[in-house]
Number of protein chains: 2
Amino acid sequence: MPQGDSRQNPRQNPRRATIHDVARKAGVSTATVSKVMRGIATVKPANADRVREAVAALDYRIDPLASGLRGENRRIIGAIVPDLESPFFGALVTGLERAAEESGYHMIVASSRESEAREADLVARMNDWRVSGTILVPVRSERGPGARQLKALGMQAVLVDRVSPDDRYDTVTADNYAASAAVADLLIGAGHRHILLHGATRNSEAMRMRIGGFEARAHALDPTVRIDTRVTDDTREVQRQAISAYFDTHTGAARPSAVYSLSQHATLLVLCELRRRAVAIPDEIALVGFDDADWMQTTWPTITAVAQPVATMAKAAVAVLLARVERRSTSFPVSRLEPCRMILRESASAHHALSRRARRGG
Amino acid sequence: MPQGDSRQNPRQNPRRATIHDVARKAGVSTATVSKVMRGIATVKPANADRVREAVAALDYRIDPLASGLRGENRRIIGAIVPDLESPFFGALVTGLERAAEESGYHMIVASSRESEAREADLVARMNDWRVSGTILVPVRSERGPGARQLKALGMQAVLVDRVSPDDRYDTVTADNYAASAAVADLLIGAGHRHILLHGATRNSEAMRMRIGGFEARAHALDPTVRIDTRVTDDTREVQRQAISAYFDTHTGAARPSAVYSLSQHATLLVLCELRRRAVAIPDEIALVGFDDADWMQTTWPTITAVAQPVATMAKAAVAVLLARVERRSTSFPVSRLEPCRMILRESASAHHALSRRARRGG
DNA sequence: TACAAAAAGTAAATCGTTTTATCCAGATCG
DNA sequence: CGATCTGGATAAAACGATTTACTTTTTGTA
């Protein structure tokens, strides 16, 4: 056991400078140092300079823990997402982190791993940290245990992505409904009258919106349109079999002329299945996917997809939250619906569909 | 001043119970409450019970901020990854989070967004929090600014994934070298003598290992083997053109009989290119990818890939770190090399290659 | 029964900040 | 000239825990 020499212990850092060290070196009180650090103006320029010198000389940095302890606002925001392995939430968290930093906040991220029980627990944990506010992407919807816990603990929060506008919470979501309607516009407008709607879990609010938006617009445009909705909540392998079975039983004239797949994974599934059956895309069948991915511009054909405005959502979520936290806004909850973008690629486009219809007619 | 003052501010939660409230209610001192909370035995069962009752009655929970302030060990570990949008790091972080929680630690995650400057900054930030230890996945290698900063600040840390074993740091990585050697075994053993090695950036330590391991073993097995290495650091579109150009100039007998792609994205790129050219996999060309992904078991054909032991790595990283932090281990740095698993699927297998060779011979 | 040792309990110091209440020296004013 | 402000500065009180250094009780032993 090395003992005695405590200053330049090779393993341990020489005790970090505290605000007291700075104050002593600059010949002022800690209160003054604190003011300088936080940019408060009522300090004589000469003193401020000496403080800044001392800070530089000692490599002083504020300890966010100690700093947060006293004040009402600890300048931490919590973020809870259902899953960190999906690129979408990864990108969302990256955006949140960036936005939080820009406003001088720290962020604590946690993954609920698609468990509602864990979600509620994490909310409580965020409350333990006395976070200034929380950004919650609920596992299912704004009616889950996480959201209830937020209310129960009287926390400030913004609900993101898997929610529908609600009059009890601030919410930020992609406009799933409108985006799906736009897909309907594209496909119906291109002459498709038999469409497969294919997706994963029906559980989440977002998924309901995607389905609802498409069906409503499609039927509005042409009440006779045929929509086959195949949504399963099952394991990967079951999903694969399901889609395969569908195309087994829907051949020839019974085969839809377009597919709208409701998630990245569903899109890949459909793509592979059609490839295996050597169905030509987009000539024999058109494909549009919800949620864009890198690989969709690499495949052959490249895939038309709805891109979610993830960066915008992140920025908006932080903005809405901080508006409440800092400006003590107490007005009605706001619901932001960020528009999606449709990225037209080879697998489905207005142009191509028209020529297809023309061919049919001729 | 806060006497019987328990006003229930409607907007703000009724002031949270502190350890003092619990102590008063249970008729003991705060020190005793603290002992009970942290499971220290020297407390009379009767008292312990009354404390627990009070805790339950008041919904008391420890404030991790205040709790960490005093002690040497704040029970926080920091994690810095180059990127949160890739499923691999997402999974890694999820694993780290789980392991940290199991040991009663909080975790703070941050993304360096592939920037070495930011990496060093984040390390300093972690030090501000006085984390117990840091898990760093460097942008490039163990020789980057992040690692240097760790040393400069005298922090405890484990370097993960993009590093090679080093005598200054604890490290945990997938055994890229051995895994690539195993791929060489598979492909050379199956009779392939002309192989394309295709990948993204050559920057990271991991990538160098993947290339080195393959080339060394392949040449050891058969010095005459021809390996075309095509590694580019460019944009997506350039990469696509590069791979396309390669196959334009390597047709017929000049076309390799197998491809080993060094990243998920590279694998997808190759797959699409071969599809477009209607080259049959695995009959005309075999394909093995480094880094497994969900979609590889969904495509047609399914793809043989090297799966990284991400869960194991996460667990190991936390274990190694906590061994140093808690047991004050001061022994030599440990270097853990976690073995990868090869998942044989349709795109390349020993069985298939054999029959292929037989066909050739016949 | 008496006394030392061990166990249990506590007051107070501490961690590194922020915030509050106070103070002080000049400036302004009547 | 005395009273009132006022811009700057500060000592000291939080913040909510942990930990230290004692004190008090209980237990064990002679």
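Since this is a predicted model, take the numbers as computed values, not measurements. Numbered from 1 within each chain, the chains take letters A, B, ... in sequence-line order.
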What nitrogen or oxygen pairs link the protein and nucleotides 24-28 of chain D at under 3.5 Å?
none

Exercise for the section: Answer yes when A/Arg125 and A/Asp121 have at least one side-chain N-carboxylate O distance shorter than 4.0 Å, and no when they do not. Expected result: yes
Problem - Side-chain heavy atoms of A/Glu85 within contact of A/Arg113, under 4.5 Å - result: no
Practice task
Kindly indicate whether the side chain of A/Pro333, heavy atoms from C-beta on, has any atom under 4.5 Å from the side chain of A/Asp166.
Solution key: no
Exercise for the section: Check whether any side-chain heavy atom of A/Leu92 lies under 4.5 Å from a side-chain heavy atom of A/Val137, and answer yes or no. Expected result: yes
Practice task
Would you give the length of the straight line joining atom CD of A/Glu142 to atom OG1 of A/Thr171, rounded to the nearest 0.5 angstrom?
Solution key: 8.0 Å
Handout entry: Phosphate OP1/OP2 of D/dA9: any A/Asn47 side-chain N/O under 4.0 Å
Key = yes
Completion exercise
Counting primed atoms, P, OP1 and OP2 as sugar-phosphate and everything else as base, the B/S/- map of nucleotides 15-26 of chain C against protein heavy atoms under 4.0 Å is BBBBB-------
Completion exercise
Here the distance between atom C1' of C/dA11 and atom CZ of B/Arg24, to the nearest Å, is 16 Å
Handout entry: Pair A/Ser29, A/Thr32: side-chain N/O donor-acceptor within cut-off below 3.5 Å
Key = yes
Problem - side-chain N/O A/Thr32 vs D/dT10 OP1/OP2, d < 4.0 Å - result: yes
Practice task
May I ask you to test the A/Val109-B/Leu84 pair for a side-chain heavy-atom distance under 4.5 Å?
Solution key: no
Anything under 3.5 Å between a donor and an acceptor, one on a side chain of residues 43-53 of chain A, the other on a protein residue two or more places apart or in another chain? List them.
from    : atom 1 : to      : atom 2 : distance (Å)
A/Asp49 : OD1    : A/Arg52 : NH2    : 3.3
A/Arg50 : NH2    : A/Ala26 : O      : 2.8

Fill in the blank from the handout: Separation of D/dG16 atom P from A/Trp129 atom CH2, nearest Å, is 15 Å
Problem - For atom CZ of B/Arg50 and atom C1' of C/dT10, their distance in whole Å - result: 15 Å
